[in-house]
Amino acid sequence: MTGETLTEIYQLLFERFGPQYWWPGEIRFEIITGAILTQNTNWANVEKAIANLKVADLLTEEKLYNIDISQLAELIRPAGYYNIKAKRLKNFINWLFENYDGGLANLEGANTEQLRGELLSVKGIGRETADSILLYAFERPVFVVDAYTARVAFRHGLIEPEADYEQLRELFQSNLPQDTKLFNEYHALLVKAGKEICRPKARCDNCPLEKVPHMLDTEYM
Ligand code: SF4
């Protein structure tokens with residue numbers, strides 16, 4: 001039943017919004033950099049930071065490994081919290097060099113749970129960032145959860161409001177086929193719906209999910 005509802009939600013969102021073409025990065029390292037920089041900021045600001053790295057010809061694992069952290073912070077300034085984010089990027093890159101010889105390709109052999117655990121052990125990489133890296137950079141069937149996901153799931157009675165990240169992830173992962181493309185598109189569609197329609201004040205009358213049973217608690221989140 002839950003699986004049917006989740007599938008129906010996906011289909012209705014896809015019919016309305018179409019493919020979202022995530023993740024908007026050209027290479028794996030760029031996707032990872034974007035996933036780390038996008039915390040607490042909008043994507044347009046991340047794009048400016050990534051553009052700075054590209055113009056400076058620094059968007060490679062090795063070049064960012066060797067760059068001084070203050071120079072890195074200056075280049076990613078448009079992404080906001082640039083000192084913290086420079087540290088997080090450096091943490092990830094240092095981890096990559098210390099454990100995998102600096103090569104992202106060396107991570108391919110790791111199974112998904114092992115890789116998730118290792119990513120989460122890097123200071124500054126939280127669950128959403130780790131899962132975004134797994135899904136969008138390594139094409140692993142991992143569902144990415146965020147506030148938009150929680151809002152839609154709760155409003156449609158699929159989960160309790162106090163559900164945590166892992167419970168939400170489990171809701172989607174265990175009730176849908178383990179399909180990377182599906183998880184990729186589904187997350188992007190939930191973000192689209194959350195930004196445009198299922199906002200803190202819900203706009204149910206203009207929503208493709210209007211006919212899917214939902215609560216009237218429009219002030220939630
Ligand atoms: S806007 Fe209303 S119908 Fe649409 S997802 Fe949110 S709660 Fe559901």
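The first residue of the sequence shown is numbered 1, and numbering continues consecutively from there.
Considering all non-hydrogen atoms of both residues, Asn45 and Pro78 come closest at CB-O, 3.2 Å. Scanning both residues, Gly34 and Val46, for their nearest heavy atoms gives CA-CG1, 4.0 Å.
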Step-by-step side chain to side chain contact (heavy atoms under 4.5 Å, CB included) determination, Leu107 to Leu96 | CA-CA 9 Å; Leu107 274 66; Leu96 186 66; 3.5 Å; yes
Going through the distances and angles, do Arg169 and Val142 end up as a side chain to side chain contact (heavy atoms under 4.5 Å, CB included)?
-> CA-CA 8 Å; Arg169 191 169 78 95; Val142 171; 3.8 Å; yes
Step-by-step side chain to side chain contact (heavy atoms under 4.5 Å, CB included) determination, Lys87 to Ile69 = CA-CA 7 Å; Lys87 227 178 250 173; Ile69 193 164; 4.1 Å; yes
Test side chain to side chain contact (heavy atoms under 4.5 Å, CB included) on Leu176 and Phe183 and set out the steps.
-> CA-CA 9 Å; Leu176 290 168; Phe183 288 180; 3.9 Å; yes
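Looking at Glu210 and Arg203, no side-chain N of the basic residue comes within less than 4.0 Å of a carboxylate O on the acidic one, giving no salt bridge. The pair Glu196-Lys192 meets the salt-bridge criterion, with a side-chain N (NZ, NE, NH1 or NH2) lying under 4.0 Å from an Asp/Glu carboxylate O. Using a cut-off of 4.0 Å between Lys/Arg side-chain N and Asp/Glu carboxylate O, Lys181 and Glu139 are scored as not salt-bridged.
Linking Ile, Leu, Val, Met, Phe, Trp and Tyr whenever their side-chain heavy atoms come within less than 4.5 Å puts Ile197 and Val212 in one cluster. Note on Leu13: it clusters hydrophobically with Trp22, by side-chain heavy-atom contacts below 4.5 Å among ILVMFWY residues. Cluster membership check: Ile31 shares its hydrophobic cluster with Tyr100, using side-chain heavy-atom separations under 4.5 Å among Ile, Leu, Val, Met, Phe, Trp and Tyr. In the hydrophobic clustering of this structure, Leu89 does not group with Tyr81; members are Ile, Leu, Val, Met, Phe, Trp, Tyr whose side-chain heavy atoms approach within less than 4.5 Å, directly or through other members. No single ILVMFWY cluster, assembled from side-chain heavy atoms under 4.5 Å apart, contains both Leu120 and Ile84.
Classification of the Trp23-Tyr136 ring pair by plane angle, with boundaries at 30° and 60°, yields tilted. Phe172 and Phe143 have parallel rings, their planes meeting at less than 30° on a 0 to 90° scale where 60° marks the start of perpendicular.
When atom types are taken as modelled, the side chain of Glu113 and the backbone of Asn111 share no donor-acceptor pair closer than 3.5 angstrom. Under the 3.5 Å distance criterion, the side-chain polar atoms of Arg151 are matched with a main-chain donor or acceptor of Cys198. Put simply, the side chain of Tyr165 gets close to the backbone of Val145: a donor and an acceptor are under 3.5 Å apart.
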Could you pull out every donor-acceptor pair under 3.5 Å between side chains of residues 1-12 and any protein atom, sequence neighbours left out?
residue, atom, partner, partner atom, Å
Thr5, OG1, Met1, O, 3.1
Thr7, OG1, Gly3, O, 2.8

Acceptor/donor pairs from residues 51-59 side chains to any protein atom, 3.5 angstrom cut, sequence neighbours excluded:
residue, atom, partner, partner atom, Å
Asn52, ND2, Leu75, O, 2.8
Lys54, NZ, Glu30, OE1, 3.3
Lys54, NZ, Glu30, OE2, 3.3
Asp57, OD2, Lys63, NZ, 3.1

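Around the CG atom of Asp101, the shell of radius 6.0 Å holds no more than 12 heavy atoms that belong to other residues, nucleotides or ligands. Around atom CZ of Phe29, more than 12 heavy atoms belonging to other residues, nucleotides or ligands sit under 6.0 Å away.
Under the side-chain contact (heavy atoms from CB on, under 4.5 Å) test applied with Leu182, the options Asn184, Thr180, Asp179 reduce to a single match, Asp179.
In this view, Glu62 satisfies the salt bridge (charged side-chain N to carboxylate O under 4.0 Å, His left out) rule with no residue, not counting sequence neighbours.
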